[in-house]
Amino acid sequence: MVGLAVILIIVGIVLILLGVFVQAVKFLVWVGIVILVLAVIAWLMRFIRRQT
């Protein structure tokens with residue numbers, strides 16, 4: 001689960017950077033944001049489950 005969250009964060013950041021630097025693929029910014037949000041949610045779920 002930790003590895004998946006780290007991979008999602010890295011992919012999200014890479015897609016955000018690609019979307020910012022390449023105007024033709026502007027939708028990659030949104031894809032990167034969605035993946036980054038999913039990774040943060042997965043990390044929060046793991047953190048909350050560990051606390052209980």
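The first residue of the sequence shown is numbered 1, and numbering continues consecutively from there.
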Seminar exercise, completed: By side chain to side chain contact (heavy atoms under 4.5 Å, CB included), L44 pairs with (sequence neighbours left out) V40
Problem set entry | Interatomic distance, R46 atom CZ to I41 atom CD1 [nearest 0.5 angstrom] | 14.5 Å
For this session: Return the set of residues passing side chain to side chain contact (heavy atoms under 4.5 Å, CB included) with I10 (not counting sequence neighbours), or none when no residue passes.
Result: V6, V14
Exercise. Shortest non-hydrogen contact from I9 to A39?
Worked result: CG1-CB, 3.4 Å
Exercise. About how many Å separate CE of M45 and CZ of R50, when rounded to the nearest 0.5 Å?
Worked result: 13.5 Å
Problem set entry | side chain to side chain contact (heavy atoms under 4.5 Å, CB included) involving I35 - partner list, sequence neighbours excluded | L8, V11, L15, V31
Exercise. Once you round to the nearest 0.5 Å, how far does CD1 of I33 lie from CD1 of I13?
Worked result: 12.0 Å
Seminar exercise, completed: CH2 of W30 to CD1 of I16, rounded to nearest 0.5 Å, is 10.5 Å
